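The structure displayed is predicted, hence computed values, not measured ones. So you know, we letter chains A, B, ... as the sequences are listed, proteins then strands, and number each from 1. What's counted below: heavy atoms across the whole structure, side chains too, no hydrogens, waters or symmetry copies.
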Protein chains: 2
Amino acid sequence: MATRGVSVTNKLREAVLGGDYAGGTRLNEVDLAEALAVSRTPIRAALSTLAAEGLLEYRPNSGYVVKAFAAKDIEGIYVVRADLEGLCARLVAQQGLSDLHRGLIHKVLEESEQLQNAEDWTDEVSDVWRDLNDRFHNTLIEASGNSHLAMMLRKSRAIPLLNQLKFRWFDVATLARSHDDHCQVFAAITSGQVVRAESIAAEHVYRSGQRIIEHWRKMDTRKPAAAAKARAA
Amino acid sequence: MATRGVSVTNKLREAVLGGDYAGGTRLNEVDLAEALAVSRTPIRAALSTLAAEGLLEYRPNSGYVVKAFAAKDIEGIYVVRADLEGLCARLVAQQGLSDLHRGLIHKVLEESEQLQNAEDWTDEVSDVWRDLNDRFHNTLIEASGNSHLAMMLRKSRAIPLLNQLKFRWFDVATLARSHDDHCQVFAAITSGQVVRAESIAAEHVYRSGQRIIEHWRKMDTRKPAAAAKARAA
DNA sequence: ATCATGGCGATTGCATACATTCAAAGCTGG
DNA sequence: CCAGCTTTGAATGTATGCAATCGCCATGAT
């Protein structure tokens with residue numbers, strides 16, 4: 001078992017990313033310590049870490065507040081992420097795929113293909129698709145062999161509340177389109193079409209970002225109320 | 001005055017970036033506390049922060065070690081940075097420059113122009129050029145209005161030892177070329193040539209990365225000795 | 001009524017004592 | 001001499017007490 005500091009950091013990160021705390025919520029050290037049954041020390045370590053990761057904002061002598069993301073921020077993040085995923089695809093196309101990685105991606109695409117035929121659209125299917133999508137992107141990142149790029153993309157994907165939107169995030173049509181994009185990126189990579197690989201991958205991410213921003217704007221209307229409630233509490 | 005935690009973090013960050021500790025050096029909490037005349041608490045906070053920033057590596061129950069960068073890592077970082085600076089230039093070209101930012105960049109370019117005529121090549125000139133270069137890039141980043149992009153680029157530029165290489169980093173020819181690149185990026189932006197702006201900016205950064213990697217490889221030979229010494233200490 | 005001010009409560013910042021863990025030196029038996 | 005166990009010490013992990021700071025509210029003067 002890891003140290004309390006690490007485990008508290010993970011728990012807190014998950015909570016923030018999961019949207020348990022509304023943006024702007026102030027995090028009280030003693031409350032958190034009490035809730036997680038540890039002393040303030042590991043809590044402080046966790047808060048410090050999460051602040052450095054960009055999930056919290058720190059103000060000396062004042063404490064930590066959950067960073068609030070506006071629709072404009074999400075757009076900015078997705079512009080960057082789309083560009084980086086494009087770069088990633090380009091790098092992989094340039095240097096070629098190892099047998100291992102090609103096999104992994106092939107498997108993902110096959111499972112995705114099967115998922116298309118699923119008649120009932122349950123939350124479970126949603127989760128499976130999410131997992132497949134993650135595996136596709138993560139395998140590509142790993143195949144790029146660029147650990148710094150990997151870190152940047154990880155940070156660009158760690159946005160609070162995003163996981164909460166998984167329900168009704170996509171319908172059959174968007175899933176089909178997404179799967180098709182994946183196939184084309186893979187095809188471009190295996191045939192060494194670097195420019196195509198980059199364009200398609202970037203556009204693929206950018207499009208999904210646009211969809212998310214739409215949903216975000218809808219939730220954003222209720223945001224002020226949540227922020228106010230947080231301030232009152 | 002800020003809290004001890006913050007000030008210690010800044011001091012330590014500067015030390016690591018300045019190359020005061022060789023890559024692989026183990027950072028002892030009590031020694032640091034003694035050296036900086038504070039208790040272990042703010043030291044631990046600083047170490048935690050720097051680890052989250054990617055400058056240190058943390059292993060539970062073992063402590064923090066200064067991250068070691070190989071030439072391959074530097075190359076990976078510069079590939080990402082070149083891409084992001086390209087994105088930055090593209091964004092600015094797309095949305096146009098405000099009068100404020102145009103003025104700032106214009107001033108930087110003028111001062112750079114004057115610097116070309118400096119006959120003696122002292123370290124002071126080196127520092128001035130460094131400052132001008134930073135201002136050019138920072139202004140562009142600010143003009144992009146994308147705070148997430150700004151954060152990513154900041155991280156991509158924070159590499160230990162890089163500042164230490166400032167002596168003999170560039171000669172008159174490379175400075176002239178660099179200045180010319182800046183001018184062309186500016187011209188492309190003001191005339192709305194988005195693709196050119198992106199290409200030139202990316203290539204500009206990539207080239208300077210290549211130059212740095214060359215120098216890095218030369219220093220890398222003495223690296224194993226330094227690492228061994230650190231391990232022994 | 002508004003603004004300044006001073007104290008009060010709550011929260012964070014820091015130091016230190018103690019617990020825990022890991023690793024390397026030393027010891028014992030073969 | 002070596003292998004494996006034991007021990008020991010030095011480092012990190014955690015809890016807690018106290019100090020410092022900030023924001024808020026009440027009080028008073030202009």
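Between B/R44 atom CZ and C/dG13 atom P the separation is 16 Å, expressed in whole Å. The separation between A/N28 atom CG and C/dT12 atom C1' is 9 Å, rounded to whole Å. To the nearest angstrom, C1' of C/dT16 lies 14 Å from CD of B/E29. In this structure, B/R59 places its CZ atom 17 Å from P of C/dT21, rounding to the nearest Å.
When the C1' atoms of four end pairs are superposed on the next four at each end of the helix from C/dA1-D/dT30 to C/dG30-D/dC1, using five pairs per end, the two resulting axes differ in direction by 10°, to 10°.
Counting non-hydrogen atoms under 4.0 angstrom, A/Y58 reaches the backbone sugars and phosphates but no base. Within 4.0 Å (heavy atoms only), A/L27 reaches sugar-phosphate atoms of the nucleic acid but no base atom.
The residues B/K67 and B/E57 are annotated as not salt-bridged, no charged nitrogen and carboxylate oxygen being separated by less than 4.0 angstrom.
For the side-chain contact (heavy atoms from CB on, under 4.5 Å) criterion with A/V8, the lone passing option out of A/L47, A/L36, A/T49 is A/L36.
In summary, contact between chain A and DNA chain D, defined as any nucleotide atom under 4.0 Å from a heavy atom of the protein, begins and ends at D/dG13 to D/dC22 in the 5' to 3' direction.
Below 30°, between 30° and 60°, or above 60°: for A/H182 and A/H204 the angle between ring planes is above 60°, a perpendicular geometry.
For the contact set between residues 30-42 of chain A and DNA chain D, defined by any heavy atom under 4.0 Å, the members are A/V38, A/S39, A/R40, A/T41, A/P42.
When the shell of 6.0 Å around CD of B/E111 is examined, it contains more than 12 heavy atoms from other residues, nucleotides or ligands.
Within the 4.5 Å cutoff, no side-chain heavy atoms of B/R81 are placed close to those of B/L84. Counting heavy atoms from C-beta outward, A/V65 and A/L27 have side chains that stay 4.5 Å or more apart.
Comparing B/G63 and A/P60 by the nucleotide of DNA chain D whose heavy atom lies nearest to each, the residue mapping closer to the 5' end is B/G63.
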